[in-house]
Trainee: 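Dropping the structure in here first, questions after.
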Amino acid sequence: MQQLADGDFAAKIAAVEALAATGDPRSVPVLDAMIAGRLAVRSADRRVLITEPRGLVLLLIDPLTEVEIGEAEKAAVEPITVNNRLRGALRGALGGLTLLSPSADRRREAADAVFRTREMALLPLLEKAIARETDDSVRKRMQRAVAAVQAQSSADAGQRSTAIAVLADFADPDVRSLLAGIAAADADPAVRAAALEVQQRVEQRLAIWGVLGNVFQGISLGSVLLLAAVGLAITFGVMGVINMAHGEMVMLGAYTTFVVQDLFRTHAPAAFDVSVLVAIPAAFVVTALIGIAIERGIIRFLYGRPLETLLATWGLSLVLQQAVRTIFGPSNREVGNPSWMSGALDLGVLTLTYNRIWIIVFSAIVFAALMLLIRASAFGLEMRAVTQNRRMAAAMGIRTGRVDALTFGLGSGIAGIAGVALSQIDNVSPNLGQSYIIDSFMVVVFGGVGNLWGTLVGALSLGLANKFLEPYAGAVLAKIFILVAIILFIQKRPRGLFALKGRAVEN
Amino acid sequence: MKKTLAALGVAGILLSGGLSRAEAQETIKVGVLHSLSGTMAISETTLKDVMLMLVEDQNKKGGLLGKKLEPVVVDPASNWPLFAEKARELLQKDKVAAVFGCWTSVSRKSVLPVFEELNGLLFYPVQYEGEESSRNVFYTGAAPNQQAIPAVEYLMSAEGGGAQRWVLLGTDYVYPRTTNKILRAFLKSKGVAEADIMENYTPFGHSDWQTIVADVKKFASAGKKTAVVSTINGDANVPFYKELANQGIKADEIPVVAFSVGEEELAGIDTAPLVGHLAAWNYFMSVDTPANKDFIKNWHAFIKNPKRVTNDPMEAHFIGFNMWVQAVQQAGTTNVDAVRQAMYGQKVKNLTGGTAEMHVNHHLSKPVLIGEIQPNGQFQVVWQTKGEVVGDAWSNFIPESAKLTADWTYPWVCGNCEKPKFGAAVPAGL
């Protein structure tokens with residue numbers, strides 16, 4: 001135990017291995033604490049202790065009896081340093097020690113740790129664990145670990161081949177890397193051939209998963225683009241206003257999220273997980289009001305003068321950026337992911353991150369709600385009437401000025417909502433909006449001006465095309481290819497994918 | 001040749017005339033050329049504040065040569081051509097004695113002709129790709145052999161995990177491209193096969209890292225220990241690390257070593273899932289020395305916020321500014337040519353222990369530290385070089401650069417020469 005504290009990393013690793021070899025369950029909390037950086041030495045008597053932060057001081061726990069023995073200032077203890085190699089050794093050691101742990105998650109982690117270390121000595125324990133295992137998914141992981149250990153280290157060539165055949169059921173990258181190693185290095189040619197054959201089968205399965213992964217990533221990027229562009233589809237597509245400050249509305253939405261989260265952190269830390277949900281309406285209201293103010297204050301004087309609108313809104317975007325920089329400072333603000341949005345869902349070999357999944361769901365909801373608003377509400381009807389024929393609509397008694405302001409507010413509000421979503425995956429900095437404005441215009445122009453369905457299809461197809469090109473061409477070239485493709489496409493179909501037809505378009 | 005020398009001499013006399021007029025005033029002006037708006041404001045604003053702090057401290061100590069120092073702050077707004085204009089304004093209109101500034105390599109390249117034309121003095125505080133040595137620039141950040149190469153050597157060693165396969169990720173501009181060119185040559189010299197190196201570039205501010213992180217995972221599953229070397233710059237780091245954490249890449253499986261991620265960049269993210277990923281710098285806030293403690297205390301008092309962090313480029317300004325002050329005191333004037341001569345061999349204590357020395361290639365000797373990210377957003381030093389490493393202006397791993405020497409003293413007087421300029425004039429035996 002004392003060796004854990006003194007000596008260099010090599011000595012610490014030896015100590016960890018010695019501790020693991022005892023098989024003593026009491027060493028689990030010690031190793032857990034060490035991996036988390038909570039194992040420390042008291043400066044006064046060099047005693048190894050587990051520490052736990054309690055406010056400004058540290059709670060000291062005796063590592064053997066797990067009894068609290070007092071408190072200490074942070075300066076009175078020295079944490080035991082850990083590096084990556086030591087961390088790997090710790091995880092391996094914990095793997096052996098926690099195979100029989102009561103928690104299924106720990107057992108699964110333990111099985112994976114054994115898979116990685118491939119420690120022959122753990123085989124009997126692993127087999128015992130499989131016999132007792134009640135959870136199917138954990139048992140599979142354990143079987144995978146057994147097969148891996150045998151395939152690599154068994155003395156019997158027949159057993160190695162059998163184990164390799166078992167591994168064929170587990171098509172994941174770790175298995176592939178193991179098989180590649182065996183196929184290159186095994187002493188027996190028959191085993192090498194078997195490993196190679198199984199490796200190829202695994203490769204094929206992985207290739208299929210790879211395509212599925214690309215589809216998911218493409219849809220995910222598409223949904224982000226959709227969120228950023230759908231507000232623009234209203235202001236630019238429906239109203240015809242080239243709003244260069246659209247990106248800044250997104251940015252303001254993200255900052256609203258930050259402010260809301262900050263309030264939650266100080267006043268109701270327990271309810272932090274719902275802060276993002278509260279931020280959605282807050283961001284909508286804030287940005288919609290700013291949008292209405294912009295429309296009433298600037299844009300309404302510039303209808304029909306696209307160049308002036310472009311310049312005015314561009315200037316406005318710079319003003320907004322610098323204003324945020326002055327108020328919140330130029331550095332990034334930390335917006336936390338609520339617990340239900342962090343981590344990932346393991347689907348086969350794919351890791352689908354929860355924040356991306358939720359953003360796909362969220363953008364679908366926003367899109368549906370917007371469609372409903374435009375198609376089924378009185379305001380939507382007025383909005384469509386004004387955009388199709390302003391003078392006729394005015395003659396029918398619609399207050400076109402009010403509709404304009406509300407429509408612009410709606411577009412800005414949606415941008416604000418997009419900001420809430422983007423704050424979960426991107427930086428919350430004053431430059432947030434800039435990176436999305438070009439993409440948003442691209443989506444709207446490609447999809448067809450004035451048509452929300454076009455925006456949906458445009459966003460998804462750009463997202464998918466980008467993600468399928470990226471592995472071959474790299475992120476920079478993929479973007480260039482797409483830009484060129486869109487330019488060519490616009491030459492062919494100037495009105496985009498879904499062009500509006502009718503007399504209104506001609507004006 | 002003689003004519004140009006004569007012209008230089010005339011220019012020197014004219015300039016020193018200009019400067020002596022400036023000296024006749026009450027203060028010595030120090031230019032601060034950092035973006036306070038635009039993309040780079042996130043990193044550069046802090047450096048502006050550090051400069052103001054250093055100048056204030058020096059004034060408390062009685063100023064310089066019996067005069068007060070006066071900072072002249074301009075905002076080049078992350079706009080590269082504007083950097084050149086602002087540099088010209090500082091040198092010609094404000095007649096500053098020295099300029100502390102720039103962050104990105106492209107901004108440095110943009111101001112370089114201005115400083116050379118007007119014979120100004122620039123202190124550049126950021127780690128960069130090397131392959132440059134200008135008579136008018138002192139590079140107080142790390143050259144590749146003071147950051148990138150030691151970091152890769154560490155990851156290769158048993159201690160660092162013995163990596164055999166390498167992913168070089170970078171933002172698409174000059175610093176990552178040149179650094180990766182040097183790293184690639186270095187890795188090959190160590191026997192790493194072409195197939196074991198993956199290079200990937202992304203645009204500035206890239207935010208969708210799903211594919212690339214998935215690719216890295218795939219590349220890492222070839223049966224050899226894989227490490228990622230990241231020269232990703234600025235804002236793009238936050239979504240990159242978020243994606244790493246979400247896809248569950250642990251540092252003991254695939255460690256990521258970054259050259260542009262410091263305490264300031266980590267301030268925007270939850271670092272708990274990133275524990276163990278690495279960064280290579282010449283300074284970490286967590287290093288426990290009395291000098292560093294004083295510096296941090298001073299910084300917190302100046303900025304009036306005890307939560308603000310310190311980082312490597314801040315230390316570089318600290319060293320650069322103090323060296324300049326010493327050189328001016330030694331030269332007894334702020335004349336650029338005199339100060340430049342006095343700079344060589346100038347020594348300042350590092351905040352992390354040891355001594356930084358200015359060499360004749362305008363680079364510093366610095367200690368190299370490798371730190372692991374901790375849950376509290378700080379770094380824990382896990383490895384460091386024994387003693388200081390002298391910065392190389394020209395990399396030994398690129399054949400065409402290996403031949404070049406940067407030495408601004410007689411007989412070389414050159415930043416990129418194969419032979420001394422005044423080689424013939426050196427008497428035998430000297």
Side-chain angles (χ1 to χ4, degrees), chain A residues 9-10 36-37 81-85 87-88 91 116 172-174 176-181 184 206 210 213-214 216-217 220-221 224 321-322 325 329-334 336-337 342-344 346 351 353-356 422 425-431 434-435 466-467 470-471 474-476 479, chain B residues 36-39 41-46 158-162 172 200-208 210-212 214-215 217-218 220-224 235-239 242-243 245-248 250-253 255 264-265 267-270 273 275-276 278 372 374-375 380-383:
Chain A
F9 288 121
T81 56
V82 197
N83 73 355
N84 280 328
R85 193 156 147 249
R87 232 173 251 129
R91 260 191 251 283
R116 240 168 268 126
D172 64 48
D174 292 333
R176 177 180 56 185
S177 89
L178 170 69
L179 289 171
L206 284 179
N214 272 341
F216 172 77
Q217 287 159 3
S220 156
L221 178 63
V224 170
Q321 271 180 43
Q322 203 58 29
R325 205 169 271 133
S331 40
N332 289 342
R333 291 288 149 172
E334 182 185 345
N337 292 356
S342 31
D346 280 311
T351 1
T353 52
Y354 282 125
N355 57 2
R356 299 273 176 186
L422 289 179
I425 53 169
D426 207 338
N427 291 303
V428 179
S429 75
N431 312 318
Q434 275 181 333
S435 33
N466 213 329
K467 284 295 152 187
E470 212 173 274
V476 181
K479 271 211 145 148
Chain B
L36 311 179
S37 53
T39 0
I42 172 174
S43 308
E44 293 191 61
T45 312
T46 317
E159 180 91 14
D172 202 3
N200 188 304
Y201 294 98
T202 41
F204 268 103
H206 191 66
S207 63
D208 193 281
Q210 304 177 75
T211 324
I212 290 162
D215 277 356
K217 260 179 128 172
K218 203 170 132 201
S221 69
K224 288 181 185 168
D235 278 9
N237 276 303
V238 178
K242 273 192 181 168
E243 190 71 32
N246 279 333
Q247 292 209 19
K250 291 208 180 69
D252 47 357
E253 291 156 24
E264 188 87 25
E265 284 74 16
I269 17 179
D270 171 24
V275 170
L278 304 147
E372 282 187 0
Q374 299 296 303
Q380 158 111 54
V381 177
V382 289
W383 182 86

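These numbers come from a predicted model, not from an experiment.
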Trainee: Measure distances from D215(B) to the heavy atoms of chain A and classify the residue's part below 4.5 Å as side chain, backbone, both or neither.
Mentor: side chain
Trainee: Out of L221(A), V224(A), I425(A), return the one with the most heavy atom pairs under 4.5 angstrom to chain B.
Mentor: L221(A)
Trainee: Using non-hydrogen atoms only, which part of I212(B) is less than 4.5 Å away from chain A: side chain, backbone, both, or neither?
Mentor: both
Trainee: Listed by chain and number, what are the salt bridge (charged side-chain N to carboxylate O under 4.0 Å, His left out) partners of E253(B), not counting sequence neighbours?
Mentor: R116(A)
Trainee: My understanding is that only residues two or more places apart in sequence, or in another chain, count here; which of them pass salt bridge (charged side-chain N to carboxylate O under 4.0 Å, His left out) with K479(A)?
Mentor: D439(A)
Trainee: Quick check on K224(B) against chain A: is it the side chain, the backbone, both or neither that has a heavy atom closer than 4.5 Å?
Mentor: neither
Trainee: Relative to chain B, which of Q434(A), R356(A), Q321(A) shows the most heavy atom pairs under 4.5 Å?
Mentor: R356(A)
Trainee: Name the option with the most non-hydrogen atom pairs under 4.5 Å to chain A; the candidates are V382(B), D208(B), T202(B), L278(B).
Mentor: D208(B)
Trainee: Is it the backbone or the side chain of T45(B) that comes under 4.5 Å from a heavy atom of chain A, or both, or neither?
Mentor: side chain
Trainee: Please give me the minimum heavy-atom distance between A475(A) and P203(B), naming the atom from each residue.
Mentor: CB-CD, 4.1 Å
Trainee: Need one label for E159(B): side chain, backbone, both or neither, based on atoms under 4.5 Å from any heavy atom in chain A.
Mentor: both
Trainee: Counting only heavy atoms closer than 4.5 Å, note whether V381(B) contacts chain A via side chain, backbone, both or neither.
Mentor: neither
Trainee: Is K218(B) reaching over with its side chain to a backbone N or O of G210(A), donor-acceptor style, under 3.5 angstrom?
Mentor: no
Trainee: Is chain A contacted by the side chain of A245(B), its backbone, both, or neither, given a heavy-atom distance below 4.5 Å?
Mentor: neither
Trainee: Side chain from CB out, backbone as N, CA, C, O: work out which of these in R325(A) comes under 4.5 Å of a heavy atom of chain B, or both, or neither.
Mentor: side chain
Trainee: At what distance, to the nearest 0.5 angstrom, does CZ of F9(A) lie from CZ of R87(A)?
Mentor: 9.0 Å
Trainee: Could you pull out the closest heavy-atom pair between P239(B) and S207(B), with the gap in Å?
Mentor: CB-O, 3.7 Å
Trainee: When rounded to the nearest 0.5 angstrom, what distance separates OG1 in T353(A) from NZ in K242(B)?
Mentor: 11.5 Å
Trainee: For E372(B), is it the side chain, the backbone, both, or neither that has a heavy atom closer than 4.5 Å to a heavy atom of chain A?
Mentor: side chain
Trainee: By a 4.5 Å heavy-atom criterion (distance strictly below it), what part of N355(A) contacts chain B: side chain, backbone, both, or neither?
Mentor: side chain
Trainee: Over all heavy atoms of both residues, which pair between N84(A) and D252(B) is shortest? Give the atoms and the distance, please.
Mentor: O-CB, 3.4 Å
Trainee: Checking P471(A) against chain B: side chain, backbone, both or neither under 4.5 Å from a heavy atom?
Mentor: both
Trainee: Measure A214(B) against the heavy atoms of chain A and call it side chain, backbone, both or neither at under 4.5 Å.
Mentor: side chain
Trainee: For residues Q210(B) and Q247(B), report the shortest heavy-atom separation together with the two atoms involved.
Mentor: O-NE2, 3.6 Å
Trainee: Using non-hydrogen atoms only, which part of L178(A) is less than 4.5 Å away from chain B: side chain, backbone, both, or neither?
Mentor: neither
Trainee: Under 4.5 Å from any heavy atom of chain B, what part of V82(A) do you find: side chain, backbone, both or neither?
Mentor: backbone
Trainee: Counting only non-hydrogen atoms closer than 4.5 Å, does D426(A) touch chain B with its backbone (N, CA, C, O), its side chain (CB onward), both, or neither?
Mentor: both
Trainee: Would you tell me whether Q380(B) and T81(A) have side-chain atoms, one donor and one acceptor, within less than 3.5 Å of each other?
Mentor: no
